[in-house]
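In what follows, a structure is listed as structure tokens, so that the remarks can point back to it.
Ligands are counted one by one from 1 in listed order, and the atoms in each one are counted from 1 as well. All heavy atoms count here, side chains included; hydrogens, waters and symmetry mates do not.
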Amino acid sequence: MRLLLTNDDGVYAPGLAALHAALAGEHEVVVVAPETEQSAVGHAITLADPIRVRRLGPRTGFDGWAITGTPADCVKLAVSELLPQAPDLVVSGINLGANVGVNLLYSGTVSAATEAAILGLPGVAYSLGTLKDPDFAYAASLAAHLVGLYPSLGVPRHVPLNVNVPALPAHKIKGIRFTRQSGARLVERFLRRSDPRGHIYYWQAGETMGTEGDLDTDYPALLAGYVTITPVRHDLTHDEILSRLGGLDLQLPSER
Ligand code: MN
């Protein structure tokens with residue numbers, strides 16, 4: 001397959017290198033990744049600034065570009081300008097840290113896969129469930145395995161997949177579960193410090209909470225040792241409430 005690789009941890013991130021190493025043998029792989037870390041930029045795109053592009057030389061080990069944009073920019077620019085033809089699959093990751101529950105809304109990693117879906121291309125996001133001492137080797141080989149299986153899953157092009165891999169030795173991983181998003185969310189904690197000139201600043205240091213719940217949801221299943229795969233959607237409409245509101249007869253103000 002022709003694969004477009006991107007991420008939100010930036011072009012120098014070890015997770016991207018591991019993913020590239022696992023996929024480049026079997027597939028035609030081009031990297032278009034952010035020049036610097038873009039974690040938690042969500043689905044942002046760059047409008048008020050130019051997007052600079054830098055061709056990646058042989059020294060990086062990648063064929064592709066680093067760009068001064070977001071993960072969503074990477075996919076847009078790759079598909080409309082940089083690649084000679086559309087990829088068969090957009091693969092985003094491997095992110096340093098799980099992307100579960102409410103945090104999908106913040107995730108640049110998932111947004112790259114979502115952007116693919118918006119452009120009518122299949123997309124998969126991969127994340128490793130740790131922030132410390134990551135070992136991407138098994139997650140990368142698993143990602144390559146799942147990329148090979150992707151065509152057989154029959155997932156429609158407008159539905160990206162969000163995959164999380166537990167940060168466990170391979171023999172401790174219990175299996176693969178298809179899950180829905182859990183209620184896990186980042187619980188705020190701000191470190192209040194002062195800079196060398198005495199000005200106060202805050203550094204967000206929240207942690208993802210919401211470990212309780214059933215194993216059909218992403219975070220509990222991940223913590224229990226399962227690889228989780230969640231098909232996601234970007235239409236945020238709440239159908240049930242819409243149909244209830246649709247029954248109301250709201251009028252414009254009488255004086256206009
Ligand atoms: Mn990230």
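The backbone N or O of Thr217 sits nowhere less than 3.5 Å from a side-chain atom of Ser182 that would complete a donor-acceptor pair.
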Verdict with reasoning, Asp63 to Arg55, per salt bridge (Lys or Arg N to Asp or Glu O under 4.0 Å): CA-CA 8 Å; Asp63 177 23; Arg55 194 85 166 92; 3.1 Å; yes

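Only protein atoms were considered; those of element N, O or S under 2.8 Å from the Mn ion (ligand 1) number 4.
Listed by chain and residue number, nothing satisfies the side chain to side chain donor-acceptor pair (under 3.5 Å) test with Thr114 (two or more places apart in sequence, or in another chain).
Between Ala140 and Ala18, the shortest heavy-atom contact is CB-O, 3.4 Å.
Note: Phe190 and Tyr202 have perpendicular aromatic rings, judged against thresholds of 30 and 60 degrees for the angle between ring planes.
Judged by a 6.0 Å distance limit and a 45° cone about the ring axis, Arg193 is not positioned over the six-membered ring of Tyr201.
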